[in-house]
Amino acid sequence: MDSTNTDKASSRVAALHDWLDERTGIKAAMDSALNEPIRGGARWSYVFGSVLVFLFAVMVATGIAMTFYYVPSADHAHTSVAYIQKAVPGGKLIRGLHHYAASAMLIVAVIHLAQVFLFGAYKQRRELIWLTGTLMLLIVLGFSFTGYLLPWDQAAYFGTKVGASIAGEIPVVGPLQRRIMLGGEELTTITLSRFFTTHVFLLPLSLVGLLALHLLFFRRASPAGPYHDRDDKRIERFYPKQAFKDSVAMLAVFVILIYLAYRSPAELGPVADPTSDYLARPPWFFMPLFQLLKYFPGQSSLIPIMGIPALVFGLMFVLPFIDKRAERNPFKRKLGVGVLALFIFGAVGLIGLAKYEDSHHPEYGPKLAEQEKEAHAFLNAPFQPQEIGGKTAAAPADVSKVAAAPAAYVTSCAVCHGDKGQGDISPGLLGVADKPQRTREDLLKILDDARAYGLKKPMPESFPKLSAEEKAQIVDWMLTLKAK
Amino acid sequence: MSVHHEANEPSTEERRSFLGIISGLIAAGITAVLGINLGRFTLGPALAPSAGAADWTEAGALADIPDGKLIKRNIIVAQEAGWGKFVSERAIFVLKKGNDLTVFTAVCPHLGCTIQASAEKFLCACHNSQFDQSGTMLSGVAPRGMDTLEHLVEEGKLKVRYQNFKQGIPAKEVIG
């Protein structure tokens, strides 16, 4: 291609761009998105927010894809997930990405919040950014809890059962809350429908709304920048340096997720069996609560169930309103940093302790190992389709007890409905009187105006050649036809 | 228009920087890997060739089929349907004339509506195609006569291989 041609082509692209821009304002929108000022310049430590948005996009894409096959019914959920995991091309990767991106979202969200906390970035009129962020963490936990049940395997069923019981322990509102959550007293197919709808409609919509507010407030306040003032004067635009760092971080996360999805496929155990003595263990993010429950007998269990979560989230909600000091340097905010460290190390420590106690327990250890082995065996077994539709060959109509039909029937009806009403090419008449709108009166009316009853061709509209007496004989005979 | 260009000049230049290209490549790469796999995942099973020839299905005892009289039977058909094997009923017509046995599917070769039988002929009420008892089209818009199904008699029982045929073309071609 010579240069004039290239020029022509590029001027056409420019013309198209202008055409679009006049109608959409895309240039201004892109500039505003890419030219966001970053005080103190681009940094690797600022990638976590973008990574969270990326992880959410991965969750949405893989989640929507899985609903092409997933069935939220206790009868079919497990088989449909096994089909996704074992039989659909790319299923192991898509479900694996969804599984690991879910955990990654929780981890990165905690890192993101911890960093904002450490750098004091919730200060200086940024309270609402912090608040929407905290609410989003709760939503992400809701995603994890509702998503965990959907495969309807042993771990999902028994894990959620305990989770629901915990929710039911809360004084006053607990039992009602549990009922609303489960759709009744027990974990049934209705529970699965509720969890599914919450997981794929309510929570995503809430998260999108909160995320929009979060970003809106963030853009209005502008990034907080470093906690010290050393290079406060230096301002870089989001594009290209921070955009580059964000992309590299996303790529790194994406590669790790793909590696995990193949290396250690998302778990799927045997189908939920409520009669089994399955030893329930929560997913890792509920492990700290699980471990704490061991130390609080009876009424005191309310401390880990309600007290600690209420304290943690309550503190988070009021934090930007009680901490009004301008100081952002974490080295000068010993109390706050101490609380954060206690929280993080405490949670990690409790998870470690729970795992350690389980693996060293004389009964639970082997039992959990055996359950894990069963889950692996199921995962590695070839996919078995489930028989659905429930049709078995219909037994031929029993006409042994049918009395001889009147002559008018034989000449006018038998050719289609069969000489004994068994139905040769048109519907059978056995048991017809038990059906709605088929009283003696109705049947007589049908013989005079079949269309009025919605009967279509080849049923004749009416039978003008039959006398009223003959019609009555036919109907009386029809009323003797029993279904069984 | 030129005013717009001038206002954007510095940022356009910056955008073409090396880092910008790398970022774009990363975004394109992630989108491609994710997109290809989402495509495989959502379309793969739909585009996969269906498995083998259809099974033989029992359609009752031969002795129960009246001679010279068209009858309708429902037979049980199992279909591969993703995670399930979908077992459902399908309508067929059987006509026995002495030793001649003809089995028709009730699916119209035009657009797949269900054909009904009257005492003398077949009718597809969707678009008014009519067929005689041998399945030959009498009138209407169907591209061919009614489709017959393979059948055999084993130990006095009629067995039918239920298949679907391409619609809207003059030739009878099995789907899948």
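Numbers restart at 1 for each chain; the letters A, B, ... are given by sequence-line order, proteins then strands. What you see below is based on every heavy atom in this structure, not just the backbone, and it leaves out hydrogens, waters and symmetry mates. Bear in mind that the values here come from a model prediction, so they are computed numbers and not experimental data.
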Looking at every heavy atom in both B/Pro45 and A/Tyr83, which two are closest together, and how far apart are they?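 That closest heavy-atom pairing would be CB-OH, 3.5 Å.
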Heavy atoms, side chains only, cut-off 4.5 Å: are [X] and [Y] in contact?
X: B/Ile30; Y: A/Met250; answer: yes
X: B/Ser23; Y: A/Pro240; answer: no
X: A/Val71; Y: B/Trp83; answer: yes

Contacting moiety of [X], where chain B heavy atoms sit under 4.5 Å:
X: A/Ala87; value: neither
X: A/Lys245; value: neither
X: A/Ala414; value: backbone
X: A/Leu93; value: side chain

Counting only heavy atoms from other residues, nucleotides and ligands, does the tally under 6.0 Å from [atom1] of [X] exceed 12?
X: B/Lys96; atom1: NZ; result: yes
X: A/Ile26; atom1: CD1; result: no
X: A/Arg23; atom1: CZ; result: yes
X: A/Lys241; atom1: NZ; result: no

Rounded at 0.5 Å granularity, tell me how far [atom1] in [X] sits from [atom2] in [Y].
X: A/Cys416; Y: B/Lys72; atom1: SG; atom2: NZ; answer: 11.0 Å
X: B/Asn37; Y: A/Leu97; atom1: CG; atom2: CG; answer: 8.0 Å
X: B/Lys69; Y: A/Asp419; atom1: NZ; atom2: CG; answer: 7.0 Å
X: B/Leu38; Y: A/Ile94; atom1: CG; atom2: CD1; answer: 4.0 Å
X: A/Met459; Y: B/Gln116; atom1: CE; atom2: CD; answer: 12.5 Å

Sort by residue number and list every residue of residues 252-261 of chain A having at least one heavy atom under 4.5 Å from chain B.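 Those residues of residues 252-261 of chain A which have a heavy atom under 4.5 Å from chain B are A/Phe254, A/Ile258.
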Contact part of B/Ile26 toward chain A, heavy-atom cut-off under 4.5 Å: side chain, backbone, both or neither?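 The side chain, not the backbone.
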At a heavy-atom separation under 4.5 Å, does B/Ala125 approach chain A through its side chain, its backbone, both, or neither?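 No part of B/Ala125 comes within 4.5 Å of chain A.
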Is the ring pair B/Phe41/A/Tyr69 parallel, tilted or perpendicular, if the boundaries are 30 and 60 degrees?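 B/Phe41 vs A/Tyr69 ring planes: perpendicular.
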Once side-chain contact (heavy atoms from CB on, under 4.5 Å) is applied, do any residues pair with B/Pro143, and if so which ones, sequence neighbours excluded?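 Once residues adjacent in sequence are excluded, the partners of B/Pro143 under the side-chain contact (heavy atoms from CB on, under 4.5 Å) criterion are B/His110.
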